[in-house]
Participant: 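Following this message is one structure expressed as structure tokens.
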Amino acid sequence: MAAADFVVVANRLPVDRVVGPDGEETWRTSPGGLVAALEPMMRSVHGAWVGWPGQADVELEPFEADGIDLIPVALSAQEVAEYYEGFANDTIWPLYHDVIAPPQYHREWWEAYVTVNRRFAEAAAAAVAKDGTVWVHDYQLQLVPQMVRELRPDVTIGYFHHIPFPAHGLYAQLPWRDQVLRGLLGADVIGFQRAQDATYFLTAVRRRLRYEVKGSNVAVPEGEHTRTAVARAFPISIDTEPYLELAAREDIQARAAEIRASLGNPKRILLGVDRLDYTKGIRHRIKAYGELLDEGRLNVEDVTLVQVASPSRERVDAYVHLRDEIELAVSRINGDNDTMGHSAIRYLHQGYPREEMVALYLAADVMLVTALRDGMNLVAKEYVATRADNRGVLVLSEFTGAADELRQAVRVNPHDIEGLKDAIMTAVDMPAGEQSRRMRSLRRRVLDNDVTAWSSSFLAALAEVRGR
């Protein structure tokens, strides 16, 4: 496989392994905005993608799919447990999400994280052509930029952080805080979802490493010289085209009407769509909705909440307990409020294809995004993109990156249950004219700032660094 001019490094490959009934193995492109944003560009410049194929103890040779060279990185079952489920998702994830759940600090997890990050870095360094570009993605691989720079000082390196970065008072808990900062500063451009996240990162660099910081620039010592690294916000978005096309299809619109009918044609359908994660504020949303029913401000004959909670990290204890709590709360609310013809909450612990999700978005009058902390929250943007009729209301947590952009949403602090209840009522009772005015503004923002605009802005910043 020839060296690539542009190499993406991410925890997962952009394809899923599918084994047919006859045992034949094929690879299917994964759904997701990152893949959609980078695929065309990678084909045009001879790109390669380094990532884990998604199964433990699987050794695969590099292969090509849809015009992109794919370079699998093997992980043992123990490494999946310690590097991925352990350090990435039981240390970094809760710490970076404001310690909503307590982070676990284990030295053996850190050692596995270093080992696996080095394996990814070595694969990227071997794959990239002379003077090429490496773009590293997300919290699982924070050490890779520095490791690649040590192996290949000739290449330009970008890093994008898809989740929040914590305030220094929280970040300082991490026993390996300085190593992670140095790992990230191996990149020429470090991108964050929100300006606030970039500020928190720069504050940590200034306070922990004592590096000179001017605006978004960091002077990184390298021997007798210094190198300038840039850290700033590049808010990610979605590939809007598939959502526009699906929302316009007659069969999808018919499915939306079918969903409403199956729920008893209530006057208002509220919708929540989340991974089953403690950062998403699902418990707060359900609590507020249950209280509105108890108080008589909502009636089960008129309003139904549909909650899609797709399975997530089911071997991590915090997620097991979360599922139990949510399902108990749903059962109690339904038991207290359901009638023979109407259900208070339709709870769906499963994932759905994009076609079904768009039908749900079209069926919903109110979209509830009540995350306690979120890097961006693309569900909010997906909902807005599908609303070609300019109807519908988005209730949006101020603790999401999307809140910085989608200012015509009904903003809410999900920790304030009374405020959340009032926001839900505002959305339920909002006149059609007000809905239309707000949704037009929201759609303009989402359609003008899609995932292609995001990737273009980041790559332009990398090109500017390369040209210095």
Side-chain angles (χ1 to χ4, degrees), residues 9-11 52 73 75-122 136-151 157 159-187 190 192-193 196-213 218 220-222 229 231 277-279 313 315-319 321 372-375:
V9 189
N11 180 62
W52 175 46
V73 174
L75 298 180
S76 68
Q78 183 174 351
E79 286 169 338
V80 172
E82 294 182 346
Y83 143 78
Y84 181 69
E85 294 173 350
F87 193 81
N89 289 321
D90 217 4
T91 301
I92 293 296
W93 180 269
L95 177 65
Y96 284 27
H97 286 84
D98 291 353
V99 195
I100 293 168
Q104 305 296 314
Y105 302 117
H106 297 294
R107 286 168 289 182
E108 62 272 20
W109 290 2
W110 166 252
E111 290 163 6
Y113 188 79
V114 173
T115 297
V116 171
N117 271 240
R118 183 168 290 114
R119 192 175 304 149
F120 275 84
E122 288 170 351
V136 184
H137 287 269
D138 223 1
Y139 65 103
Q140 302 95 344
L141 303 173
Q142 293 175 100
L143 307 181
V144 169
Q146 181 191 37
M147 291 172 171
V148 171
R149 183 164 297 282
E150 290 169 353
L151 294 166
I157 304 169
Y159 171 88
F160 190 79
H161 196 73
H162 291 261
I163 68 172
F165 196 88
H168 185 259
L170 294 176
Y171 181 75
Q173 291 184 22
L174 185 65
W176 308 280
R177 54 203 180 182
D178 294 356
Q179 294 96 311
V180 169
L181 292 176
R182 291 193 180 95
L184 294 172
L185 287 169
I190 304 116
F192 296 92
Q193 299 281 28
Q196 179 188 68
D197 296 325
T199 298
Y200 286 160
F201 170 75
L202 292 167
T203 299
V205 168
R206 188 187 299 112
R207 295 182 63 175
R208 294 299 319 159
L209 303 182
R210 305 294 182 185
Y211 290 174
E212 182 182 1
V213 176
V218 181
V220 183
E222 288 189 345
D277 192 289
Y278 48 74
T279 65
R313 300 169 190 163
R315 298 201 303 178
V316 178
D317 285 346
Y319 291 79
H321 297 318
L372 308 180
R373 189 81 161 94
D374 217 334

Participant: Can any side-chain N or O of Asp138 pair as donor or acceptor with the backbone N or O of Gln140 at less than 3.5 Å?
Facilitator: no
Participant: Mind checking whether Phe192 and Leu202 have side chains closer than 4.5 Å, heavy atoms only?
Facilitator: no
Participant: Mind listing the closest non-hydrogen atom pair of Ala229 and Ala187 along with its distance?
Facilitator: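 Smallest interatomic distance, heavy atoms only, reads CB-O, 3.5 Å.
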Participant: Nearest 0.5 Å, please: how far is CG in Asn117 from CD in Gln146?
Facilitator: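 Answer rounded to 0.5 Å: 10.5 Å.
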Participant: How long is the span from the CD atom in Gln173 to the OG1 atom in Thr91, to the nearest 0.5 Å?
Facilitator: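 Nearest 0.5 Å value for the CD-OG1 distance: 11.0 Å.
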Participant: If you round to the nearest 0.5 Å, how far is CD of Glu222 from CZ of Arg149?
Facilitator: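 Going from the CZ atom of Arg149 to the CD atom of Glu222 covers 5.5 Å.
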Participant: At what distance, to the nearest 0.5 angstrom, does OG1 of Thr115 lie from CG of Leu75?
Facilitator: 11.0 Å
Participant: Strictly distance-based, threshold 3.5 Å: is any side-chain N or O of Arg177 a donor or acceptor partner for the main-chain N or O of Ala172?
Facilitator: yes
Participant: Are any of the side-chain heavy atoms of Phe120 and Met147 separated by less than 4.5 Å?
Facilitator: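 They are not in side-chain contact.
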Participant: Are side-chain heavy atoms of Val180 and Tyr171 found at a separation under 4.5 Å?
Facilitator: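 In contact.
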Participant: Report the distance from atom CD1 of Ile100 to atom CG of Leu372, rounding to the nearest 0.5 Å.
Facilitator: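 Spacing of CD1 (Ile100) from CG (Leu372) equals 4.5 Å.
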Participant: Testing the basics here: between Glu82 and Glu108, what is the closest heavy-atom pair and its distance to 0.1 Å?
Facilitator: OE1-O, 3.8 Å
Participant: Does the side chain of Tyr200 come within less than 4.5 Å of Pro166's, by heavy atoms?
Facilitator: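 In short, these two side chains do not touch, never coming nearer than 4.5 Å.
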Participant: How about Tyr96 and His161: are their ring centres within less than 6.0 Å of each other?
Facilitator: yes
Participant: For Trp93, which of Tyr319, Tyr139, Phe87, Tyr84 qualifies under ring-ring contact (aromatic ring centres under 6.0 Å, His included)?
Facilitator: Tyr139
Participant: Let me see the working for Leu181 and Tyr211 under side chain to side chain contact (heavy atoms under 4.5 Å, CB included), right down to the final yes or no.
Facilitator: CA-CA 11 Å; Leu181 292 176; Tyr211 290 174; over 6 Å; no
Participant: Quick one: sort the His106 and Trp109 rings into parallel, tilted or perpendicular, breaks at 30° and 60°.
Facilitator: perpendicular
Participant: Testing the basics here: between Leu185 and Phe201, what is the closest heavy-atom pair and its distance to 0.1 Å?
Facilitator: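 That would be CD2-CZ, 3.9 Å.
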Participant: Do the side chains of Val9 and Val148 get nearer than 4.5 Å, heavy atoms only?
Facilitator: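 Of all side-chain heavy-atom pairs linking Val9 with Val148, none is under 4.5 Å.
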Participant: Please state whether the rings of His137 and Phe160 are parallel, tilted or perpendicular, taking 30° and 60° as the class boundaries.
Facilitator: tilted
Participant: Can you list the steps and then say if Leu95 with Tyr105 is a side chain to side chain contact (heavy atoms under 4.5 Å, CB included)?
Facilitator: CA-CA 10 Å; Leu95 177 65; Tyr105 302 117; 3.5 Å; yes
Participant: What distance do Leu143 atom CG and Leu184 atom CG have between them, rounded to the nearest 0.5 Å?
Facilitator: 8.0 Å
Participant: Mind checking whether Pro164 and His97 have side chains closer than 4.5 Å, heavy atoms only?
Facilitator: yes
Participant: When you compare the side chains of Tyr83 and Asn11, does any donor N or O come within less than 3.5 Å of an acceptor on the partner?
Facilitator: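 Checked: Tyr83/Asn11 side chains pair up, N/O donor to acceptor below 3.5 Å.
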Participant: Between Leu174 and Ile92, is any pair of side-chain heavy atoms under 4.5 Å apart?
Facilitator: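 Yes; the side chains approach each other to less than 4.5 Å.
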Participant: For a side chain to side chain contact (heavy atoms under 4.5 Å, CB included) check, start with the C-alpha distance between Val218 and Leu209, then their side-chain angles and the critical distance, and finish with the verdict.
Facilitator: CA-CA 11 Å; Val218 181; Leu209 303 182; over 6 Å; no
Participant: Quick check: do Tyr113 and Gln142 have side-chain heavy atoms less than 4.5 Å from each other?
Facilitator: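 Of all side-chain heavy-atom pairs linking Gln142 with Tyr113, at least one is under 4.5 Å.
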